[in-house]
Structure formats: C-alpha cells, structure tokens
Amino acid sequence: MNKKFVLLTETAENGVKIITPKNMLREKTGFGGLDPVILTRAEDQIRNNDIPFQYPAEELLKQVITAIETAQSKSVRDRALIETICKPVTQLKAGGAMFQYPLLTRISGIVLHFLDGTMTLDEEAFGILAVYVKIIHSILGGRITGDGGAAGSQLVHEMDDACLRYNQKYPAPKN
Amino acid sequence: MPYQFHNTSVLVVDDMKPMLQLVVKVLGIFGFRKIYTAMDGEDAFIKFCHHAPDIVITDWQMEPTDGDELIDRIRNTKKSPNPFVPIILMSGYTALSRVQMARDKGATEFLVKPFRAQDLYNRIEQMIENPRKFVDCQVYFGPDRRRRKARGYEGLRRRQIDTHNISSDAMREVHDILSRLKPEPLNKKE
C-alpha cells in the first residue's frame with residue numbers, strides 16, 4: 001500500500017482494514033464551492049450545445065436493430081442476449097436529452113426499464129421492440145428535437161402503455 | 001474564495017465522442033485545465049498510469065475494455081499510481097440493482113446520464129467535502145459502501161430491554177420497585 005496516500009489505517013477484529021486516505025482533492029481545490037454564475041454557464045452549455053448527435057444516434061439504432069435480429073434468430077433468449085439490446089438503448093437514453101433529443105431519452109428510458117425487468121423475450125416483447133425501433137427511427141428521421149409536443153406526449157404514453165400491458169399480462173414471479 | 005480547479009487534473013473516459021466532448025466542455029467551465037481524455041478502458045488505464053489524475057470520470061459500458069474493468073485495474077493492480085483516486089462512474093442505467101453493482105465495483109460516485117451540470121458538480125463536491133474511507137478485505141478493495149452512519153432511536157425508551165440505559169436516579173428507583181413486584185395472572189378470579 002502506497003503510504004503517501006494514506007492518513008490512517010485501522011484494523012477491525014475480523015481483519016478488515018478501514019483506511020482513511022489523505023484528502024488530496026481538498027489540498028488542491030481548497031474551500032468555497034463553485035460560483036453560481038459558473039454553474040449557470042455550465043447548465044447553458046449542456047442545454048444549448050450544438051455537438052452533433054444525429055449520426056452517433058443512427059449508429060446506435062443500427063446496433064439495436066442488429067441485437068434484436070440476433071435475439072430473434074436464437075431459440076434460447078436469455079438475459080445475456082437481452083443485455084446486448086440494453087447496451088445501445090442505454091446509450092440512446094443517456095445521450096438524447098443531453099443533445100437536444102429529450103424525447104429519445106424518455107422513450108428509451110421506458111424500454112430500458114421494460115428490458116431490465118425481462119428474463120426472456122417472446123413474440124409480444126419483440127412487438128414492443130419493433131414499435132420502439134419505429135419511433136426512434138421517426139424521431140431521428142424527422143429530426144424531432146425537443147419534447148415533440150402533443151405528438152411526443154402521445155408516443156411516450158403509447159410506449160408506456162404497451163410495456164405496462166405486457167407486464168400486467170405476464171407479471172414477474174413473486175419470491 | 002471558490003474552489004480552485006486549475007491545478008486539479010481529471011481523466012474523462014467515454015466511447016461516445018459527443019458525450020466526451022460535452023463533459024470536457026463542462027469541466028472546462030468549472031475551471032479544470034488539466035483534462036485528459038480516452039475512449040476506452042484500455043487507453044484510459046495507460047493515461048491514468050502516465051498522468052496519475054486527481055479524479056477519474058468514466059462511462060460504464062465501453063468496448064473493448066469497459067468502466068468495470070478500468071476501475072478494477074485502478075483499484076487492484078500494482079501498476080496503478082493511485083488506487084485511492086476518486087472515480088465517478090457514468091451510466092444511462094437507473095435501476096437500483098445496477099447502481100449497487102457499480103458501487104460494488106469500487107466506484108466512488110455514480111452519475112446517471114442524462115445529467116445536469118449541477119449533478120456532475122454535486123458528485124465532485126461530495127468527493128471533496130465528504131471523502132469516503134476505504135475498505136480493504138479479502139474480497140473487496142475500494143470506497144466504503146456505507147454512505148450514512150446508522151442513527152440510533154432518539155425517542156423515549158419504553159421497552160424492558162432499554163432499562164440498562166436508565167440514567168436518572170429516580171427512574172432507576174422506579175425500575176427497581178417494578179422488578180421486585182411479582183406478576184399476577186391476568187384472569188385471576190375474586
């Protein structure tokens with residue numbers, strides 16, 4: 001253990017060491033927090049950034065489609081396979097709202113939640129994923145930035161409803 | 001005087017270029033001047049060893065080496081120049097099970113994407129103001145995963161088991177009298 005980072009080491013009866021590292025960050029940054037004006041500028045930077053996201057999002061959508069097609073071609077659709085779909089969906093959810101596509105984030109968040117609670121994929125689940133792909137394709141194709149207005153709300157509602165119906169039809173087993 | 005970030009170095013790792021660019025811009029506004037970047041865990045670990053940054057901010061899912069593995073290398077390999085470095089793990093996942101998984105990997109803080117500048121700043125502030133102790137045992141080396149200290153019950157103690165906490169003489173006397181009384185059956189007939 002490099003001693004230059006350690007302030008104090010205590011050893012519990014069970015042999016577990018509790019280490020208090022030196023607060024190197026404090027030594028460098030000092031005290032005082034951040035000027036609220038700087039924080040506002042940083043928020044504006046995120047809100048108004050013009051970093052292009054269209055192309056990376058389209059690439060992520062392709063990854064979603066490929067992962068769904070691969071899952072459909074397999075007879076056993078286990079959690080590992082679902083994870084391959086989750087990955088690009090997570091990226092779309094993560095990036096959308098940070099690059100002027102909040103609707104992308106909302107729809108992807110619903111589908112991610114649905115996938116997180118699923119242990120296998122049947123034809124009805126693939127139906128939900130097909131709708132998801134169609135919606136994301138429309139958002140990116142139509143360059144629907146912002147929340148999409150009334151149509152956007154309707155899409156969120158429909159997606160949410162579809163996942164809810166599925167989960168009510170096939171509730172998770174109770175432990 | 002506010003925090004001085006100009007001497008604090010940070011390594012940002014994300015395989016999605018727009019996200020990497022945005023985080024770097026936000027950190028620049030915060031005042032960071034020494035910002036290193038990488039687009040996967042492999043390259044990140046090389047840069048970590050070379051620059052020994054004060055903070056690491058990394059995405060979770062990357063190819064070929066993801067955030068998990070990067071944290072594991074930083075915390076557990078001899079090559080690592082600072083196994084105690086504060087690490088913020090970013091991810092689009094919000095499920096509690098995923099957050100717990102990240103915590104178990106040795107991340108100091110977890111940041112859900114999309115995030116606001118305030119969220120990122122809060123994580124940095126937390127690491128400065130409330131740095132975590134580290135736990136070193138056979139199966140885990142990393143920040144203590146218990147955030148809060150368990151607070152005991154602070155109300156009036158009414159149970160038999162609480163009597164050892166009786167502090168006033170008057171109450172101790174009452175307790176002694178009560179303990180000498182013999183219990184009588186509840187359905188006793190006259």
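Letters A, B, ... are given to chains in the order of the sequence lines, protein chains preceding strands, and every chain is numbered from 1.
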So which atom in [X] and which in [Y] form the shortest heavy-atom distance, rounded to 0.1 Å?
X: A/Pro52; Y: B/Pro18; value: O-CG, 3.6 Å
X: A/Gly30; Y: B/Ile128; value: O-CG2, 4.5 Å
X: B/Arg98; Y: A/Cys86; value: NH2-SG, 4.3 Å
X: B/Arg116; Y: A/Ile46; value: C-CD1, 3.9 Å
X: B/Gly92; Y: A/Ala94; value: CA-CB, 4.1 Å
X: B/Phe84; Y: A/Pro21; value: CD2-CG, 3.8 Å

What is the distance from atom [atom1] of [X] to atom [atom2] of [Y], rounded to the nearest 0.5 Å?
X: B/Lys133; Y: A/Leu8; atom1: NZ; atom2: CG; value: 7.0 Å
X: B/Ser97; Y: A/Asp116; atom1: OG; atom2: CG; value: 6.0 Å
X: B/Gln21; Y: A/Phe99; atom1: CD; atom2: CZ; value: 8.0 Å
X: B/Lys113; Y: A/Thr105; atom1: NZ; atom2: OG1; value: 11.0 Å
X: A/Met98; Y: B/Phe115; atom1: CE; atom2: CZ; value: 3.5 Å
X: B/Met19; Y: A/Phe53; atom1: CE; atom2: CZ; value: 7.0 Å

Side chain, backbone, both or neither of [X] within contact of chain A (heavy atoms, under 4.5 Å):
X: B/Pro131; value: side chain
X: B/Ile55; value: side chain
X: B/Met16; value: side chain
X: B/Met90; value: neither
X: B/Phe30; value: both

Answer yes or no: is there a side-chain heavy-atom contact under 4.5 Å between [X] and [Y]?
X: A/Thr20; Y: B/Phe134; value: no
X: A/Lys93; Y: B/Val112; value: yes
X: A/Val16; Y: B/Tyr140; value: no
X: A/Leu25; Y: B/Pro86; value: yes
X: B/Asp54; Y: A/Lys28; value: yes
X: B/Val135; Y: A/Ile18; value: yes
X: B/Glu129; Y: A/Arg26; value: yes

(message) As an exercise: rank A/Leu7, A/Ile38, A/Ile51 by heavy-atom pairs under 4.5 Å with chain B and give me the winner.
(response)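 If we count pairs closer than 4.5 Å to chain B, A/Ile51 comes out on top.
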(message) Looking only at heavy atoms and a cut-off of under 4.5 Å, which of A/His113, A/Lys87, A/Met24 has the most pairs with chain B?
(response)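 So the answer, after comparing A/His113, A/Lys87, A/Met24, is A/Lys87.
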Would you say [X] has more than 12 foreign heavy atoms packed within less than 6.0 Å of its [atom1]?
X: B/Arg123; atom1: CZ; value: yes
X: A/Asn48; atom1: CG; value: yes
X: A/Glu10; atom1: CD; value: yes
X: B/His51; atom1: NE2; value: yes

Look at the side-chain heavy atoms of Ile, Leu, Val, Met, Phe, Trp and Tyr, link any pair under 4.5 Å apart, and say whether [X] and [Y] land in one connected group.
X: A/Leu164; Y: A/Val89; result: no
X: B/Val24; Y: B/Ile57; result: yes
X: A/Leu104; Y: A/Val133; result: yes
X: B/Ile46; Y: B/Ile35; result: no
X: A/Leu81; Y: A/Leu115; result: no

(request) I would like to know whether B/Gln61 and A/Thr90 meet side-chain contact (heavy atoms from CB on, under 4.5 Å); could you show each step before the answer? (result) CA-CA 9 Å; B/Gln61 294 176 325; A/Thr90 310; 4.1 Å; yes
(request) Start with the C-alpha distance between B/Leu22 and A/Gln45, add both sets of side-chain angles, then the distance that settles side-chain contact (heavy atoms from CB on, under 4.5 Å), and finish with yes or no. (result) CA-CA 8 Å; B/Leu22 189 57; A/Gln45 174 63 52; 4.2 Å; yes
(message) I'd like to know which of B/Val26, B/Asp15, B/Asn82, B/Asp59 tops the heavy-atom pair count under 4.5 Å against chain A.
(response)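 Heavy-atom pairs under 4.5 Å are most numerous for B/Asn82.
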Side chain / backbone / both / neither for [X] at chain B, heavy atoms under 4.5 Å:
X: A/Glu59; result: neither
X: A/Leu112; result: side chain
X: A/Glu27; result: neither

(message) Using modelled atom types and a 3.5 Å cut-off, is there a donor and acceptor pairing between side-chain atoms of B/Tyr121 and backbone atoms of A/Leu34?
(response)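 Yes, B/Tyr121 side chain to A/Leu34 backbone: donor-acceptor pair under 3.5 Å.
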